[in-house]
Amino acid sequence: MKAIHIFIDVPIDFNFWRTVYSHGWCSLRPFSVDKENRMLNRLLHLENDSLAFCQITAHNNSQLKINIQSKFPVNGTMQKQIRAKISTMLRLDEDFAEFHRESRRYPRYRWISSMKVGRMLRAPSVFEDIIKMICTTNCSWSLTEIMTNNLIDEFGKSFENSKQTFPSAEALAGTTEQFLRKSIKTGYRSPFILEFATNVANGKLNIEQWRNSPLATEVLYKELLNIKGVGMYAAGNILKLLGRYDFLGLDSWVRGQYYNLYHNGRVVSDKTIERLYKPFGRWRGLFFWLEMTKHWFKKEIPF
DNA sequence: GCGTCCAGGTCTACC
DNA sequence: GGTAGACCTGGACGC
């Protein structure tokens with residue numbers, strides 16, 4: 001086993017630990033968190049089919065330190081890929097200056113720029129983000145974890161000590177609906193997952209370019225709704241992981257947070273919620289999510 | 001131990 | 001365009 005470490009520069013408005021804990025993704029494999037050492041772990045699948053296990057920590061205010069383990073010597077090409085994947089996961093290349101400027105205009109949101117938050121952790125691939133989002137629909141978080149674990153255990157590439165990658169579209173496209181239902185426990189989502197993976201694997205859907213797409217957000221939203229198993233909740237939240245924050249992505253959990261925060265637990269319509277955040281324009285989905293999870297920011301380890 | 005309900009929704013048929 | 005009903009699963013809850 002070869003081991004080296006590299007450093008990656010981060011933007012001045014970046015907060016490593018708050019990005020890790022920006023939502024539940026950090027607790028879904030192949031991500032894992034070493035809470036004691038404030039470390040995010042992730043096994044990466046590189047282009048030459050090699051695997052690299054990365055342990056990411058904040059080195060100081062301006063850098064990340066990445067400990068890399070691989071079966072092969074980690075050459076310059078591999079390092080370049082690792083840097084690119086970590087940058088995309090932690091949104092290092094995304095410009096949040098305008099969002100933070102906007103947050104400073106409102107006293108109730110000034111904490112956002114002072115805590116340097118807003119970046120939401122995402123997977124190295126759009127494919128992984130979408131499959132996981134489908135697995136969050138209409139079920140408890142524990143079932144989402146079961147489905148994700150089963151997908152990785154059955155279709156991921158093995159590294160060592162039970163570490164595995166998230167499966168590729170090709171790997172999932174080669175399975176059957178029956179196997180997904182019986183062994184992966186994806187239930188009625190199974191035909192949706194199979195169809196989506198097949199369309200990605202055969203090139204019918206070029207989802208990986210969506211992170212840098214020139215398409216208008218509304219157009220991307222409709223593209224997402226065309227994927228079976230992706231409805232308004234999933235599409236709104238996938239968009240956030242594509243860098244578009246125009247939709248709230250309402251689900252029963254955030255609705256509950258909103259009812260408690262603004263209406264003493266009384267249920268109100270989705271239109272009422274949307275009306276409150278409309279003035280925040282293209283950043284409304286991010287203001288909404290950060291406000292609903294504000295209590296997380298009072299704890300070093302939120303969950 | 002067993003039945004019921006519901007959870008970080010979506011699809012389809014029908015009106 | 002709006003809405004009712006079906007859909008997998010696992011865990012919490014009441015009995």
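Within every chain, numbering begins at 1; the chains are lettered A, B, ... in the order of the sequence lines, protein sequences first and strands thereafter. We use all heavy atoms of the structure for the numbers below, so side chains are in, but hydrogens, waters and symmetry mates are not.
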### Message
Before you tell me yes or no, could you show the steps for A/Arg211 and A/Asp129 under salt bridge (Lys or Arg N to Asp or Glu O under 4.0 Å), namely the whole-Å CA-CA distance, both residues' side-chain angles and the distance that decides it to 0.1 Å?
### Response
CA-CA 12 Å; A/Arg211 284 181 180 168; A/Asp129 279 337; 2.9 Å; yes
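- Straight-line distance from the OH atom of A/Tyr188 to the C1' atom of C/dG5: 14 Å, rounded to whole Å.
- Heavy-atom neighbours of A/Glu98 CD from other residues, nucleotides or ligands within 6.0 Å: above the threshold of 12.
- For DNA chain B, the contact window with chain A, defined by any atom under 4.0 Å from a protein heavy atom, covers B/dA7 to B/dT12 in 5' to 3' order.
- A/Ile227 comes within contact range of the sugar-phosphate backbone alone, with a heavy-atom separation under 4.0 Å but no base atom that close.
- Taking atom P on both nucleotides, B/dC6 is separated from C/dG5 by 15 Å, rounded to a whole Å.
- Counting any heavy atom pair closer than 4.0 Å across all strands shown, A/Met232 reaches sugar-phosphate atoms only and no base atom.
- With A/Arg119 as the fixed residue, the side chain to side chain donor-acceptor pair (under 3.5 Å) test singles out one of A/Asn15, A/Asp13, A/Thr19: A/Asp13.
- The aromatic rings of A/Phe99 and A/Phe96 lie perpendicular to each other, with more than 60° between the two planes, well past the 30° mark.
- Pairing for C/dG14 goes to B/dC2, judged as Watson-Crick or G-U wobble with the two contacts each under 3.5 Å.
- Taking the six-membered ring for Trp and the full ring otherwise, A/Phe297 and A/Trp111 have centroids separated by under 6.0 Å.
- Base-pair partner of B/dG8: not found among the strands shown (Watson-Crick or G-U wobble, both distances under 3.5 Å).
- Separation of the A/Phe288 and A/Tyr245 ring centroids does not fall under the 6.0 Å cut-off.
- Here C/dC7 presents its C1' atom at 12 Å from CD of A/Glu177, a figure rounded to the nearest Å.
- When the P atom is used for both C/dC7 and B/dG8, the distance is 22 Å, rounded to whole Å.
- One can place NZ of A/Lys185 at 16 Å from C1' of C/dC7, the figure rounded to the nearest angstrom.
- If you take atom C1' in B/dC11 and the same atom in C/dG10, they sit 22 Å apart, rounded to whole Å.
- Put simply, A/Arg189 has no side-chain N or O that comes within less than 4.0 Å of OP1 or OP2 on C/dC8.
- Spacing between atom CD of A/Glu145 and atom C1' of C/dC8 amounts to 18 Å, rounded to whole angstrom units.
- Contacts of A/Ser140 with the nucleic acid, taken as non-hydrogen atoms under 4.0 Å apart, include base atoms.
- For the atom pair SG of A/Cys135 and CD1 of A/Ile130, the computed distance is 12.0 Å after rounding to the nearest 0.5 Å.
- Map A/Asn138 and A/Ser142 each onto its nearest nucleotide of DNA chain C; the residue landing nearer the 5' end is A/Asn138.
- Between A/Val254 and A/Asn226, the residue whose closest nucleotide on DNA chain B is further toward the 5' end is A/Val254.
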